[in-house]
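Quick note on labels: first sequence line is chain A, next is B, and so on, each numbered from 1.
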4 protein chains.
Amino acid sequence: MKEIEVIHIKEDVELNNPVLIVGLPGVGHVGKLVAEHLVEELEAEKLLEIYSHHFPPQVLVDENSEIQLVNNEMFVCHTEKHDIIALIGDHQSSSTEGHYKLCTVYLDLAMEFGIKRIYTLGGFPTGQLTYSDEVLGAVNNIDLIDELKEYGVNFKENEPGGGIVGASGLLLGLSRFKNIDAACLMGLTSGYLVDPKSAQSLLKVICRIFDIDIDVGPLEERAKEMEKIVARLKEVEQQQKGMPEMSTVKDEDLRYIG
Amino acid sequence: MKEIEVIHIKEDVELNNPVLIVGLPGVGHVGKLVAEHLVEELEAEKLLEIYSHHFPPQVLVDENSEIQLVNNEMFVCHTEKHDIIALIGDHQSSSTEGHYKLCTVYLDLAMEFGIKRIYTLGGFPTGQLTYSDEVLGAVNNIDLIDELKEYGVNFKENEPGGGIVGASGLLLGLSRFKNIDAACLMGLTSGYLVDPKSAQSLLKVICRIFDIDIDVGPLEERAKEMEKIVARLKEVEQQQKGMPEMSTVKDEDLRYIG
Amino acid sequence: MKEIEVIHIKEDVELNNPVLIVGLPGVGHVGKLVAEHLVEELEAEKLLEIYSHHFPPQVLVDENSEIQLVNNEMFVCHTEKHDIIALIGDHQSSSTEGHYKLCTVYLDLAMEFGIKRIYTLGGFPTGQLTYSDEVLGAVNNIDLIDELKEYGVNFKENEPGGGIVGASGLLLGLSRFKNIDAACLMGLTSGYLVDPKSAQSLLKVICRIFDIDIDVGPLEERAKEMEKIVARLKEVEQQQKGMPEMSTVKDEDLRYIG
Amino acid sequence: MKEIEVIHIKEDVELNNPVLIVGLPGVGHVGKLVAEHLVEELEAEKLLEIYSHHFPPQVLVDENSEIQLVNNEMFVCHTEKHDIIALIGDHQSSSTEGHYKLCTVYLDLAMEFGIKRIYTLGGFPTGQLTYSDEVLGAVNNIDLIDELKEYGVNFKENEPGGGIVGASGLLLGLSRFKNIDAACLMGLTSGYLVDPKSAQSLLKVICRIFDIDIDVGPLEERAKEMEKIVARLKEVEQQQKGMPEMSTVKDEDLRYIG
């Protein structure tokens, strides 16, 4: 396998006013929830799969005990005004360099599809458990702000204060060099749990932007399933910490003997 | 030395219905125990050695005080129905990228040997000390399930919930792209100790699959030795943590002075 | 994006006795404070921007909610005696190799500009909260010492005892191979806070070296803003630690399941 | 600067029965102490310097406030029977891959010098503060054992139990592929302190091997100085941990915001 491998599932797609929406794992999994919900509810078609050395060396096991190598995928959802390309996936890059390399590939693909606008979706951690239906925005072109305000997006000076980390931020930064307008839309969330309420607020904004109507009900259910997976991963992680193994002498443990 | 170096010990081997079994270090060392036991009991011949920058920079010292650079090795065990290629070794990759690169090499070698089926062996951590003789399976092709159930392998929806990490999982994922059927067989184990009981259960399944008869007795002894090595590694690790050294200013300690 | 990408903003600059000043983030942000202050007060022009896979995958959000991909930048400040090229930025490299690669690029650029002297600015952590206006120096050519002493720089045997880590040190080391004289000037600082007082002391030395007159007043204000950003980053970091996420299975957590 | 850069100081050296001795930082700095002592006492000449992206991005400051980029160096010490090439240095590689790449370069250089035997020197951590003058050995060719026993080296089954990590081990492993005999000689040491007593024991063995006479007295003094540097590095490390900085958002802190 190459460092980053793109497997095209559907060739020669004709797209109508295509827009890219990115919903990868992140704070509260808000972006992932919304983008996967769109893919489900709009009966999207899979366009391609992306595999990479920069994802963890992991397969997931489905309900039939069949494995899937972790990946990112692009789907197309047809709506009246736009064809929405949705980038979703199991993981973001596990290394700094990988983030840059993967986002460069995402952007190259977007350009091949003729994308003129990118929305990256995410969560903004408040650290508080009280609920807010606010959706915060940041843009790579100041001209987008008035338009997005009309759809209910809030903008606050220098927020998020710590910047935007990962694909959601990096895609805004890199697409600027290509003169592609991009905005990051963040649902406010505690930061401690998979958050379907925040995803609902964000989804409503998306529906307004694309002038579509989507049932927000199933989001609760989807969030519960996602929470279960997160819990399992945490459990497994804990168990693994219990046992020192020959296979886990790590770089940082290597003080030189001899 | 190249990034990954394969040293062929025995050239031009003729193989009869070859199958690959992978038993590298992992949870409870269950897979490693079983595969090394097969190699010993079936008087396997060594085919090749694999060295790599992605293994720790470490040599092991044998009973004669002679060192061996850590590696992975492939052996061939001749049985009536199949020639079993066994991949065993001291370590798995110490980096994410290394996992992908090494597994790509393992798979290339398997294809050169004409392998049509892969079994990766491992442990499934339960977090509980109670014993279970269950062997859990996951496959990269749903068609394998009925066959494996007959040999006593259990399948459970979405298990392991955290997916399969490392070579055992990655080989299933990568071989799928090459249309090679592969299954991961996991003995249930606490996750805290080298587990010969779990290895016995897994070995019994392997014997049924290959229609061979192998003494499970020596597994106990083998596990005890392995446990000793694990304990030593742990001890050494603890000692090393006691002393800050010039040689161990690590990446993550580098805040910028000056 | 390439591994290191230099975007020239202003071409064909003619420079008068150019000198390079480096003020990247570090202990007490002393160097960063001073260099950014110079850029502001001397109404510097931006020459170029440097983007790299070795910076974090992060964008910062400005007061207009517009993002900026984290980078390093070179400005030119015209003064009577010298044109000062100032290298400032959001981050230093996040990897060991990246430090070497980035500093090699900085030095190549400096040589293209015809630089004959480099000053890297930083903080020297005392671990004590008492204030000192001392500026400590280290050089890559012993001939610089007498000159710098006249400007008020102190030199102490084997200080800093732990050496100089990051770009401030590495640029001294690498420029030596090119026969470019370079000195690291460090304001003494506690090491616990963004330190405008230490920056003032260092700025005074810089003013003497370049025979310029700069208002030190705004440094206090600038430091307060920087402290706020540091606080926010810390807060965000804390929040992020609260929640295990699918996206954060890290290399070091990967013990092999299966 | 290239990934690994070798700067030759002295060309066309003629060597008499050359042997390589390696004394890089490690447990108790025993190997480093002995090799640097040899270089001092035998008035060695410097042959070359090795710089690398795999060393920390750090310069050290000497007694004249002049910096030196961290490196590894080879010296030649002329003795009656052998010319001893001594490899000493400030650091070992800070990454797994770097260890393999650097040791490959060390070995290539050794082969250019016509080296037929390698001794890597190190410490073996006992975890106990009681003193022992034992020197433990491991070899890459069993034929070396009888010879080394005569010089007072002890050999114990499977010791060190955790193998030999870093350049001391890796050079034994790699040189075996080139049919170069190599032994690792380890002074027993607590593992908690720079240990001149252990270095004395190891030095005595070296003197017997090379039939030379060297004053062990200055070792105490040298160890004290080294201990001071270690202490300073520790102090600096502690101070740095006190302050979160913009420049230190690390890979592992990157959970995705937005």
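Looking only at heavy-atom pairs under 4.5 Å with chain C, the residue among A:T104, A:I142, A:L144, A:D108 that has the most is A:I142.
Distance check: A:E159 CD to C:S65 OG gives 8.5 Å after rounding to the nearest 0.5 Å. With rounding to the nearest 0.5 Å, the separation of CD in C:E66 from CG in A:D143 is 8.5 Å. Separation of atoms CD (A:E97) and OG (C:S52) is listed at 7.5 Å; rounding is to 0.5 Å.
Heavy atoms of A:I145 lying under 4.5 Å from chain C belong exclusively to its side chain.
Between C:Y51 and A:F177, a ring centre-to-centre spacing shorter than 6.0 Å is recorded.
The closest donor-acceptor contact from the side chain of A:Y100 to the backbone of C:P56 lies under 3.5 Å. In this structure a side-chain-to-backbone donor-acceptor pair under 3.5 Å is missing from A:N140 to C:I67. Between the side chain of A:R176 and the backbone N or O of C:L69 there is no donor-acceptor pair closer than 3.5 Å.
Dense packing is recorded around NZ of A:K101, with more than 12 heavy atoms of other residues, nucleotides or ligands lying under 6.0 Å away. Residue C:K46 places its NZ atom among more than 12 non-hydrogen atoms of other residues, nucleotides or ligands, all under 6.0 Å distant. For A:E150, the CD atom counts as loosely surrounded, since its 6.0 Å shell holds 12 or fewer non-hydrogen atoms of other residues, nucleotides or ligands.
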Please evaluate residues A:I164 and C:V59 with respect to the criterion side-chain contact (heavy atoms from CB on, under 4.5 Å), reporting the C-alpha separation (whole Å), side-chain torsions for both, the decisive distance (0.1 Å), and the verdict. CA-CA 5 Å; A:I164 305 170; C:V59 296; 3.7 Å; yes
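Across C:Q58 and A:L170, no two heavy atoms sit closer than the pair N-CD1, 4.3 Å. Annotation for C:P57 and A:T96: closest pair CD-CG2, 4.1 Å, computed over non-hydrogen atoms.
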